[in-house]
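What you see is a predicted model, and the numbers here were worked out from it, not measured in a lab.
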Amino acid sequence: MQLNHYNTNFKQKTFPITVVCDNVTNAPNLGSLFRICDAFGVKELILCGSYIPLGRKMTKTSRATENVVKHQTQENILDVVTELKSKKHYLVALEITSSSKSLNHFSFPTNQPIALIIGDENFGISESLLKLCDAVVHIPMYGQNSSMNVVQATNIALYEITKQII
């Protein structure tokens with residue numbers, strides 16, 4: 001028998017993970033981010049940018065998870081990241097750079113909260129933001145493309161983080 005969310009025995013758990021979005025503005029992507037933050041027990045989702053469309057197009061994808069995932073919108077991501085750093089969060093950017101570490105060979109801290117920073121669908125994470133991070137990780141890819149949808153990448157990263165800190 002196939003199980004659904006009413007008859008599974010998944011144990012609810014909240015992890016000390018904050019997902020910080022740098023100008024993610026595609027409504028279906030935002031809705032999907034709410035769903036995966038709910039699925040992975042993320043403590044908070046912070047949406048940064050000047051235009052965050054949290055309307056009907058977003059809720060069509062989110063399936064009401066915006067009602068259960070703690071979230072906020074902020075205009076300036078540098079202020080958000082600076083505050084998280086002052087609160088002893090370990091800042092991890094999910095971005096491919098010349099010095100990024102492979103996600104499957106990276107050890108996430110288990111003794112402090114983690115802020116996973118994800119970037120704009122078109123331009124990724126800014127250089128000034130990358131410099132504030134404690135680590136930059138990437139997902140190894142084996143095809144011709146050098147990038148992945150921000151939601152799919154966040155899914156993979158949250159799976160790895162929660163697997164390590166469970």
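The line from CZ of Phe34 to OG1 of Thr59 is 10.5 Å long, rounded to the nearest 0.5 Å. Here OG1 of Thr154 is found 5.0 Å from CD1 of Ile36. Values are rounded to the nearest 0.5 Å. In this structure, CG in Asn26 is found 8.0 Å from CG in Asn149, a value given to the nearest 0.5 Å. Annotation: the span from Lys101 atom NZ to Ser107 atom OG amounts to 11.5 Å, rounded to 0.5 Å. Rounded to the nearest 0.5 angstrom, Tyr90 OH and Ile161 CD1 are separated by 10.5 Å. Here NZ of Lys70 is found 11.5 Å from CG of Leu45. Values are rounded to the nearest 0.5 Å.
Cluster membership for Phe106 and Leu132, using ILVMFWY side-chain heavy atoms within less than 4.5 angstrom, is not shared. Val80 and Ile118 end up in different hydrophobic clusters when Ile, Leu, Val, Met, Phe, Trp and Tyr side chains are linked at under 4.5 Å. Clustering ILVMFWY residues whenever any of their side-chain heavy atoms sit less than 4.5 angstrom apart, transitively, puts Phe123 in a cluster other than the one holding Ile77. Residues Leu78 and Leu94 do not share a hydrophobic cluster, clusters being chains of Ile/Leu/Val/Met/Phe/Trp/Tyr side chains in contact below 4.5 Å. The cluster map of Ile, Leu, Val, Met, Phe, Trp and Tyr, joined by side-chain heavy atoms under 4.5 Å apart, puts Val137 and Phe40 in the same cluster.
Two residues are said to be in side-chain contact when any heavy atoms from C-beta on lie closer than 4.5 Å; His89 and Thr18 meet this criterion. In this structure, Val136 and Ile125 have side chains that are not in contact, with every pair of non-hydrogen atoms separated by 4.5 Å or more. Contact check for Met148 versus Ile156: side-chain heavy atoms found under the 4.5 Å cut-off. Annotation: side chain of Ile96 is not in contact with side chain of Ser147 (no heavy-atom distance under 4.5 Å). Here the side chains of Cys48 and Val20 are in contact, with some heavy-atom distance below 4.5 Å. The closest side-chain heavy-atom distance from Val92 to Asp134 is not below 4.5 Å. Asn155 places none of its side-chain heavy atoms less than 4.5 Å from the side chain of Ser32. Between Val42 and Leu116 the shortest side-chain heavy-atom distance does not fall below 4.5 Å.
Nearest approach of Ala157 to Leu103, heavy atoms of both residues: CA-CD2, 3.8 Å. In plain terms, the two heavy atoms of Arg35 and Ser62 that are nearest each other are CG-O, 3.1 Å. Minimum interatomic distance between Pro109 and Ile165 (heavy atoms only, all atoms of both residues): O-CG2, 3.7 Å. The shortest heavy-atom contact between Val19 and Cys37 is CG2-SG, 4.0 Å. The minimum heavy-atom distance between Val150 and Gly119, with the atom names listed, is CG2-O, 3.5 Å. Shortest non-hydrogen contact noted between Phe108 and Gln164 is N-OE1, 2.8 Å.
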Any chance you could lay out the side chain to side chain contact (heavy atoms under 4.5 Å, CB included) test for Val24 and Leu30, step after step, and finish with the verdict? CA-CA 7 Å; Val24 176; Leu30 291 169; 4.0 Å; yes
Give the intermediate values and the outcome of side chain to side chain contact (heavy atoms under 4.5 Å, CB included) for residues Ile139 and Gln152. CA-CA 10 Å; Ile139 296 166; Gln152 305 312 317; over 6 Å; no
Do Glu95 and Leu130 pass the side chain to side chain contact (heavy atoms under 4.5 Å, CB included) test, and can you show the C-alpha distance, the side-chain angles, and the key distance before you say yes or no? CA-CA 9 Å; Glu95 186 68 72; Leu130 289 171; 4.1 Å; yes
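A donor-acceptor contact closer than 3.5 angstrom links the side chains of Asn29 and Glu121.
For Lys85, the NZ atom is densely surrounded, since the number of other residues' heavy atoms within 6.0 Å is greater than 12.
Cation-pi contact between Lys163 and Tyr159: absent, since separation from the ring centre below 6.0 Å together with deviation from the ring axis within 45° is not met.
Put simply, the residue from Ile46, Asp22, Asn76, Leu91 that forms a side chain to side chain contact (heavy atoms under 4.5 Å, CB included) with Val81 is Leu91.
Glu66 places no side-chain N or O within donor-acceptor distance of the main-chain N or O of His71, the cut-off being under 3.5 Å. Proximity of a side-chain donor or acceptor of Thr162 to a complementary backbone N or O of Leu158 within less than 3.5 Å is detected.
A salt bridge links Glu83 and Lys87; the closest N-O separation between the charged side-chain nitrogens and carboxylate oxygens is under 4.0 Å.
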